[in-house]
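Within every chain, numbering begins at 1; the chains are lettered A, B, ... in the order of the sequence lines, protein sequences first and strands thereafter.
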Amino acid sequence: MADFALLKAEQQLLAAQVVREGLSPDFVPRFIAGGDTGFEENGTVARAAIVILHWPSLEMAEHRVARVPVTLPYVPGYLSFRECPALLAAWQQLTHRPELMFIDGHGVAHPRGLGLASHFGVTVDIPVIGVAKRRLCGDYQALSATPGDCQPLMYQQRQTGWVLRSKARCNPLFISAGHRVSDDMALYWTRQCLRGYRLPEPTRLADAVASQRKGFLRYLNRQ
DNA sequence: GCGACAG
DNA sequence: ATCTTGTCGC
């Protein structure tokens, strides 16, 4: 079994390296990436997918998948140690260098400020935004039913991100800075990448690739 | 002690 | 995350 006390100490060291600012108002990326992880072989193998999209069209320019044996069980608060290896393997296969990336999971909206998006961000040192579908920690005021509405996510009297109603009749998204982005820019760019679905395009497409949705891969290989 | 708990 | 079809609601 893993030594979580040791992993906790490592998280604290990495968390100290997280930069919660970046992306000036005039920032214009050429490529935006999206990353997500799935599992196969009864959960013994992690399958990470990273997609590269053109900005502002958000059309896919590249997509890579990496399979890596799982070394740790899923334990809330320690997810990054489970998924980072596979994500890094996919990252090394890329031929494009994105200026911004979205990852399925929390950034600093984590008990020790080091969710997957922050862990990966600090490791590759590029701007990363965390997009989670569920809350890990923190509280927030109720959201209205209006699409686009948002509320700050608070944890121990500090804002750790935003809760965003990205689409009508859908559960909200939990947006947080991963690395080299501010809370506001994380929210801004997430909104910029929304195209009518609950998830922003980078994460939505990475999820489609990682989960190998039937018909999606066939769709990619055609045209 | 009890409840919460990303993917 | 994953095992899985149809079904109710907007």
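- For the pair Phe39(A) and Val70(A), the minimum side-chain heavy-atom distance is below 4.5 Å.
- Among the atoms of the strands shown, none is found under 4.0 Å from any heavy atom of Phe81(A).
- Separating the CZ atom of Phe39(A) from the P atom of dA1(C) is a distance of 9 Å, rounded to the nearest angstrom.
- Stacking between Tyr74(A) and dG7(B) is shown: the ring centroid lies under 5.5 Å from the centre of the six-membered base ring, and the planes differ by under 30°.
- No cation-pi contact links Arg135(A) to Trp162(A), judged by a cut-off of 6.0 Å to the six-membered ring centre and 45° from its axis.
- Atom C1' of nucleotide dA6(B) and atom CG of Leu153(A) are separated by 12 Å, given to the nearest angstrom.
- Atom CD in Gln11(A) sits about 12 Å away from atom C1' in dA6(B), given to the nearest Å.
- Within the nucleic acid shown, Gly38(A) comes within 4.0 Å of sugar-phosphate atoms alone, with no base atom in reach, counting heavy atoms only.
- Contacts of Asp104(A) with the nucleic acid, taken as non-hydrogen atoms under 4.0 Å apart, involve only primed sugar atoms and P, OP1 or OP2.
- Straight-line distance from the CD atom of Glu40(A) to the P atom of dC3(C): 10 Å, rounded to whole Å.
- Within the 4.0 angstrom heavy-atom criterion, base atoms lie near Gly77(A).
- One atom, CZ of Arg47(A), and another, P of dA1(C), lie 11 Å apart when rounded to the nearest Å.
- Distance, Arg134(A) CZ to dC5(B) P: 7 Å, rounded to whole Å.
- Side-chain contact annotation: Asp104(A) with Thr203(A), donor-acceptor N/O pair under 3.5 Å absent.
- Across the interface with DNA chain C, nearest-nucleotide mapping of Thr37(A) and Arg169(A) shows Thr37(A) to be the residue nearer the 5′ end.
- Residues Thr44(A) and Asn42(A) have side chains that never bring a donor and an acceptor to within less than 3.5 angstrom of each other.
- At the phosphate of dA6(B), neither OP1 nor OP2 sits under 4.0 Å from any side-chain N or O atom of Arg112(A).
- Here dG7(B) presents its C1' atom at 10 Å from CG of Leu136(A), a figure rounded to the nearest Å.
- Between Arg135(A) and dA6(B) there is no side-chain N or O to OP1 or OP2 distance below 4.0 Å.
- A donor-acceptor pair is defined here as one N or O able to donate and one able to accept, closer than 3.5 Å; such a pair exists between the side chain of Arg165(A) and the backbone of Cys170(A).
- Taking atom CD on Glu83(A) and atom P on dA1(C), their separation rounds to 9 Å, with Å as the unit.
- Within the structure, a side-chain polar atom (N or O) of Lys133(A) is placed less than 4.0 Å from OP1 or OP2 of dG7(B).
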